[in-house]
Amino acid sequence: MIKENRIVIKIGSSLLTDEERLKPRWAFMQRIVEDIALLQSRGHEVILCSSGSVALGMKVVGVTPSTAGLRDKQAAAACGMPLLLNAYKQIGHEHDLSIAQILVTLDDFEDHSRFLNTKNTLNRLLASKIIPIINENDTVTTEEIRVGDNDRLAAKVAQMVQAKHLVILTGVDGLYDKNPSEPGAKLVETVHDANDYISATAGVSTLGSGGMLTKVQAANMAQNAGTTTIIANGEADDPVSSVIDGKRVCTTFVAHDNPSDSWEAWLINRLVVAGTIVVSDEAVQAIKERARGIDRGDVISITGEFVKGDVIHIYDKDGNEVARGMTDFTSPESEILVRNIDVPTKQLLGYHTRGVLVEVDNLVTIDSRHIPWDHDPEAPNQI
Ligand code: GLU
């Protein structure tokens with residue numbers, strides 16, 4: 001169930017830090033914290049996903065955005081995080097707001113028990129009117145295991161806490177139908193299907209990791225989970241409440257009517273692909289009708305290494321992804337079961353099992369609205 005008063009706000013590095021001096025932009029931070037206090041007084045529960053640790057820490061480490069490598073950025077994040085939180089704490093104090101820091105990694109969303117722990121902690125903080133400030137724990141993550149940008153991180157958080165709104169604040173007024181620097185580019189006010197705008201999303205800002213593509217991906221994920229997402233310019237008075245109240249121009253990605261339940265949304269938005277299987281046409285039909293799970297007789301091929309409980313992607317013979325599901329077997333066990341279809345499972349594995357690789361309840365079909373995370377911005381025609 002969506003929580004009507006819950007808002008996740010994402011703020012990018014270029015709003016929070018001065019690109020030249022790599023220092024906090026105090027006036028902006030004042031405005032945003034004041035607005036959060038206002039929202040709280042109106043009964044909203046607010047979670048902040050804040051970037052800025054890497055940019056703020058660069059000076060301490062002695063690097064610049066153009067020269068910093070991954071290791072430098074990880075060190076900068078470690079230095080910048082206390083600076084960022086200290087700024088929020090000082091300003092929050094003036095407005096009687098208590099803040100809390102939560103650093104997360106991809107595992108906290110991918111692993112079912114860590115997901116629940118994180119969610120429960122967020123709920124506990126909100127119950128005491130404390131503003132959780134979330135960032136990725138850049139220091140312990142490497143490229144392969146990071147979310148990578150706070151746009152998608154914020155969408156994952158919004159989905160986790162079933163927020164009514166996700167507000168992504170940035171340096172432009174919203175999403176444009178083509179690159180905003182091109183003449184004639186028009187702001188798109190309402191988006192029902194984010195897929196329609198993928199090719200319009202070129203361009204990345206200097207500070208921070210996310211360009212418009214990651215914002216559209218984030219909006220797509222959030223709208224699929226029942227969260228209305230707003231992309232708006234952060235340089236305004238009451239930057240969040242003004243867009244929630246519909247008082248200024250922005251782009252609104254309307255939440256889809258029948259959001260996947262949170263477990264389904266969690267399953268479908270996992271970023272790590274443990275393995276893939278290709279199944280027969282008959283199985284594809286059964287999956288679409290949600291008639292049954294994936295039997296060992298349905299499987300044509302298996303790739304990747306996975307263990308019981310991992311999420312695998314399920315494809316048809318033509319290479320279209322049809323579903324994702326949590327598997328009951330490791331990849332070697334699955335191979336043995338599939339290759340020896342006539343041999344009883346007890347003889348193959350030492351115990352009796354029906355040999356269903358993914359049960360119907362642990363399967364989520366992929367609908368055409370879903371944007372794959374690994375979409376390549378250089379290849380706009382991919383979708
Ligand atoms: N986690 C990064 C930071 O704190 C920001 C990632 C992003 O720019 O989206 O600087």
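Start at 1 and go down the list; that is how both ligands and their atoms are numbered.
- When only interatomic distances are considered, the shortest N/O to N/O separation between N135 and ligand 1 falls below 3.5 Å.
- Of all the heavy atoms of V54, the ones lying under 4.0 Å from any atom of ligand 1 are found in both the backbone and the side chain.
- Geometrically, ligand 1 and N150 share a nitrogen or oxygen pair separated by less than 3.5 Å.
- Shown in contact with S51 at under 4.0 Å from a heavy atom are these atoms of ligand 1, numbered in order with element: 4 (O), 5 (C), 7 (C), 8 (O), 9 (O).
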Can you list the steps and then say if S242 with R248 is a side chain to side chain donor-acceptor pair (under 3.5 Å)?
CA-CA 6 Å; S242 59; R248 68 186 172 97; 2.8 Å; yes
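- Side-chain contact between I134 and V104: present, with at least one pair of heavy atoms (C-beta onward) separated by less than 4.5 Å.
- Of all the heavy atoms of D138, the ones lying under 4.0 Å from any atom of ligand 1 belong exclusively to the side chain.
- Residue E136 places no N or O, backbone or side chain, under 3.5 Å from any N or O of ligand 1.
- Looking only at side-chain heavy atoms (C-beta outward), V240 and V46 stay at 4.5 Å or farther from each other.
- Residue-ligand proximity: G52 is placed with a non-hydrogen atom under 4.0 Å from ligand 1.
- Open room surrounds CZ on R124; 12 or fewer heavy atoms of other groups in view lie less than 6.0 Å from it.
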Under 3.5 Å, which donor-acceptor pairs do the side chains of residues 54-82 form with other protein atoms, sequence neighbours left out?
residue: K59; atom: NZ; partner: R21; partner atom: O; Å: 3.2
residue: T64; atom: OG1; partner: S66; partner atom: OG; Å: 3.4
residue: T64; atom: OG1; partner: T67; partner atom: N; Å: 3.4
residue: T64; atom: OG1; partner: T67; partner atom: OG1; Å: 3.0
residue: T67; atom: OG1; partner: T64; partner atom: N; Å: 3.1
residue: T67; atom: OG1; partner: T64; partner atom: O; Å: 3.3
residue: D72; atom: OD2; partner: G69; partner atom: N; Å: 2.9
residue: Q74; atom: NE2; partner: D138; partner atom: O; Å: 3.2
residue: Q74; atom: NE2; partner: T141; partner atom: O; Å: 2.5

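- The local environment of CG in D96 is sparse, with at most 12 non-hydrogen atoms from other residues, nucleotides or ligands closer than 6.0 Å.
- For ligand 1, the atoms lying closer than 4.0 Å to a non-hydrogen atom of D149 are 9 (O).
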